[in-house]
Peer 1: 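Mind having a look at this structure? Questions to follow.
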Amino acid sequence: MSIHTLREAGLPGLTMDYEEGGKVQVYRMNGRVVRVGPVATDAEIITAFRQQDEKDVDA
């Protein structure tokens with residue numbers, strides 16, 4: 001999937017950048033930040049944002 005597909009899959013406003021010379025992908029959305037490895041799957045990215053959502057609900 002592309003970043004556009006991720007946006008359509010429920011991550012509107014998602015942006016992506018690289019850190020550490022491309023070793024880390026950084027996704028930002030609504031003030032939240034997720035850092036994943038260079039070969040992270042779309043499912044891993046979506047899961048990382050959902051885990052943040054769960055933490056917010058639990059807090």
Side-chain angles (χ1 to χ4, degrees):
M1 277 195 237
S2 69
I3 192 164
H4 302 290
T5 307
L6 284 168
R7 288 177 182 151
E8 292 173 0
L11 300 174
L14 183 70
T15 62
M16 192 272 277
D17 199 358
Y18 293 98
E19 290 181 353
E20 298 182 29
K23 293 180 182 177
V24 177
Q25 295 179 42
V26 182
Y27 291 88
R28 292 179 173 85
M29 183 182 74
N30 300 329
R32 295 182 292 157
V33 178
V34 167
R35 288 176 171 80
V36 294
V39 293
T41 65
D42 294 328
E44 290 170 323
I45 296 162
I46 292 168
T47 299
F49 277 105
R50 287 187 179 155
Q51 287 174 340
Q52 284 188 358
D53 288 342
E54 290 172 6
K55 287 179 186 175
D56 291 343
V57 171
D58 291 341

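Just so it is clear, the structure is predicted and the values come from calculations on it, not from any experiment. Heavy atoms only: backbone and side chains are in, while hydrogens, waters and symmetry mates are out.
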Peer 1: A side-chain contact here means heavy atoms from C-beta on lying under 4.5 Å apart; do Val34 and Met29 qualify?
Peer 2: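 Result no, sub-4.5 Å side-chain heavy-atom pair not found.
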
Peer 1: Can you check whether Ile45 reaches Leu6 side chain to side chain, under 4.5 Å on heavy atoms?
Peer 2: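 Of all side-chain heavy-atom pairs linking Leu6 with Ile45, at least one is under 4.5 Å.
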
Peer 1: Nearest 0.5 Å, please: how far is CG in Asn30 from CG in Leu11?
Peer 2: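 Answer rounded to 0.5 Å: 9.5 Å.
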
Peer 1: Could you tell me the separation between the CD atom of Gln25 and the CD atom of Glu20, rounded to the nearest 0.5 Å?
Peer 2: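 That separation rounds to 12.5 Å.
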
Peer 1: Using 0.5 Å steps for rounding, measure from the CG atom of Leu14 to the CZ atom of Arg32.
Peer 2: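 Reported value, rounded in 0.5 Å steps: 9.5 Å.
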
Peer 1: Determine the minimum heavy-atom distance between Thr15 and Arg7, stating which atoms define it.
Peer 2: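 Shortest heavy-atom contact: CA-NH2, 4.4 Å.
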
Peer 1: Check Glu44 against Val39 and note the closest heavy-atom contact, atom names and distance.
Peer 2: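 Closest approach of Glu44 to Val39: OE1-O, 4.3 Å.
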
Peer 1: Taking a hydrophobic cluster as the set of Ile, Leu, Val, Met, Phe, Trp and Tyr residues connected by side-chain heavy atoms closer than 4.5 Å, whether directly or through intermediates, do Val33 and Val24 fall within one such cluster?
Peer 2: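 Cluster IDs for Val33 and Val24 match.
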
Peer 1: I need the minimum non-hydrogen distance between Pro38 and Gly22, along with the two atoms involved.
Peer 2: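 Taking every non-hydrogen atom into account, CB-O, 3.6 Å.
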
Peer 1: Report whether Phe49 and Val26 are members of the same hydrophobic cluster (ILVMFWY, side-chain heavy atoms less than 4.5 Å apart, transitive linking).
Peer 2: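 In one cluster: no.
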
